[in-house]
Number of protein chains: 2
Amino acid sequence: MKDQTAQNSIARKSLHEELADILREMIIDCKLTPGERINEKQLTEQFGVSRTPLREALKVLSKEGLIQLNVNRGAIVVPVTLSDLQEVFPVLAALEGAAGELACEKISDRDIQSIRKAQAQMEQAYSARDLSTYFQYNQEIHGRILKAADNPTLASHHRSLYGRVQRARFLANLSDERWQSAMEEHNEILAALEARDGARLSVTLRRHLAGKLAALTLALHEAK
Amino acid sequence: MKDQTAQNSIARKSLHEELADILREMIIDCKLTPGERINEKQLTEQFGVSRTPLREALKVLSKEGLIQLNVNRGAIVVPVTLSDLQEVFPVLAALEGAAGELACEKISDRDIQSIRKAQAQMEQAYSARDLSTYFQYNQEIHGRILKAADNPTLASHHRSLYGRVQRARFLANLSDERWQSAMEEHNEILAALEARDGARLSVTLRRHLAGKLAALTLALHEAK
DNA sequence: AGTGTAAAAAATGAATTCATTATTTTAAAT
DNA sequence: ATTTAAAATAATGAATTCATTTTTTACACT
């Protein structure tokens, strides 16, 4: 049996939750472009629902920092700006650090083994310069660490921050140097995990995220 | 000029925001007791509003982890349990740690000075065993560090976790030993801050929160 | 052309209404 | 007396309606 929401198990979803899920994905995938205004009528027609559950979903997404509500002036998709990323990354890093520390206390050998595998496949993707596969395994590794931490609150806060950050992947592409550093950092992450050295994993993860932000900052400055 | 919401400046609030504010306070102050079911009709009558904005507010509070929505079965105030606290504290600690690190980079001498003052007054309260005054200054210190970190995202996530934790203050009272340790930790916090040693402040704050949780855990086990 | 104003249209905020699901009450049956 | 079934009540989920605010459009005036 799998868990559905981390919150409660069997629960079917209410309409506003489903809408929030759909909209969240649209925003993260930049189907709704950053800065764009959200038109309630248009969305209700698109989804065939009334405004009530849609507006409830918007409240949720606002809490997640994906949209911004302005009284009497509707909602806009939060723009992806460098300063926003600089705000989010340190928080995300803190959470991943905490996840690493908790994971080291709780993770099973079996789970370490599958992270090891994902890491190997990620390295293959790196060698082949297959960015999309790389991303996939990269995300799987971080996801598995988070899951091993076994803390729904942590996971939930992480998810909402990660959503905000993900949209930046369309903004700048990974430099070769950064990619290599990331790979090295990942080796250290795995090592710390295998040693079950929580403190070390924590600092490594935080450094990893800091490196990611630094690379992004650089890339965005250059792009401009 | 003061900031109102960290989000936007002049904005008057929408009804659902005001309701969320009121309800949040009621929950944190245990005016709505943990585990209690929320009756929409009763609350709408109490506040003189319709169900629509109330229900929007409930979505927000659910995101904050203060209430739990169950489809077709209404909402309950999330119970304060030890396991909930054990889930929240590590996350809160990570965020405070990050706040400490950021604060060290940005805090002004003037702000350090006012923390120093608050600390002195806290010590007085401690000597006088004046718990309520102690709490007040304790909260002020943590609040000032968070503010110095100057990161609205961090602040917002912190606030929502802190809300969940605050309700525990009615559950167990501070042991003398814990109180003393807390004072010592606070001295170290101040020292790290004065040295602008981010790494040190971060670990100290995290230890501080871990200590708080340990004490709570102990107290709750004894109480039972 | 550009600016300002008034009317019209559109969008949002919130109350109300309707439909469905839970819960409670009542009554019957063992 | 206790349990079960059915009916009544209450509560929730979502659509609709109404009120207000914002935005757009049209048009006069400089």
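Reckoned from all heavy atoms, side chains included, excluding hydrogens, waters and symmetry mates.
Rounding to whole angstrom units, CG of residue B/Asn70 and C1' of C/dT21 are separated by 14 Å. Spacing between atom CD of A/Glu36 and atom P of C/dA11 amounts to 14 Å, rounded to whole angstrom units. Whole-Å rounding puts the A/Arg37 CZ to C/dA11 C1' distance at 7 Å. One can place CZ of B/Arg12 at 15 Å from P of C/dT12, the figure rounded to the nearest angstrom. The nearest whole Å value for the distance from the CG atom in A/Asn39 to the C1' atom in C/dA11 is 7 Å. One can place CG of A/Asn72 at 18 Å from P of C/dA10, the figure rounded to the nearest angstrom.
Listed by first and then second residue, the salt bridge (charged side-chain N to carboxylate O under 4.0 Å, His left out) pairs that reach into residues 100-113 of chain A are A/Asp109-A/Arg196, sequence neighbours excluded.
The closest donor-acceptor contact from the side chain of A/Gln42 to the backbone of A/Asn39 lies at 3.5 Å or more, if one exists at all. Side-chain atoms of A/Asn151 come within 3.5 Å of backbone N or O of A/Leu154 as a donor-acceptor pair. At least one donor-acceptor pair under 3.5 Å links the side chain of A/Thr217 to the backbone N or O of A/Leu213.
Using a 4.0 Å heavy-atom distance criterion, B/Leu19 is classed as making no nucleic acid contact.
Contact footprint of chain B on DNA chain D: nucleotides with an atom under 4.0 Å from a non-hydrogen protein atom, first to last in 5' to 3' order, D/dA11 to D/dT22.
Around CZ of B/Arg116, the count of heavy atoms belonging to other residues, nucleotides or ligands within 6.0 Å exceeds 12.
Contacts between residues 48-58 of chain B and DNA chain D, defined by a heavy-atom separation under 4.0 Å, are made by B/Arg51, B/Arg55.
Partner of B/Ile141 under the side-chain contact (heavy atoms from CB on, under 4.5 Å) criterion, chosen from B/Gln136, B/Gln121, B/Met122, B/Lys117: B/Met122.
Residue A/Ala182 comes nearest to A/Tyr134 through the heavy atom pair CB-OH, 3.6 Å, listed as atom of the first residue, atom of the second, then distance.
For the 3.5 Å distance criterion, the side chains of B/Thr52 and A/Arg55 fail to qualify, holding no donor opposite an acceptor.
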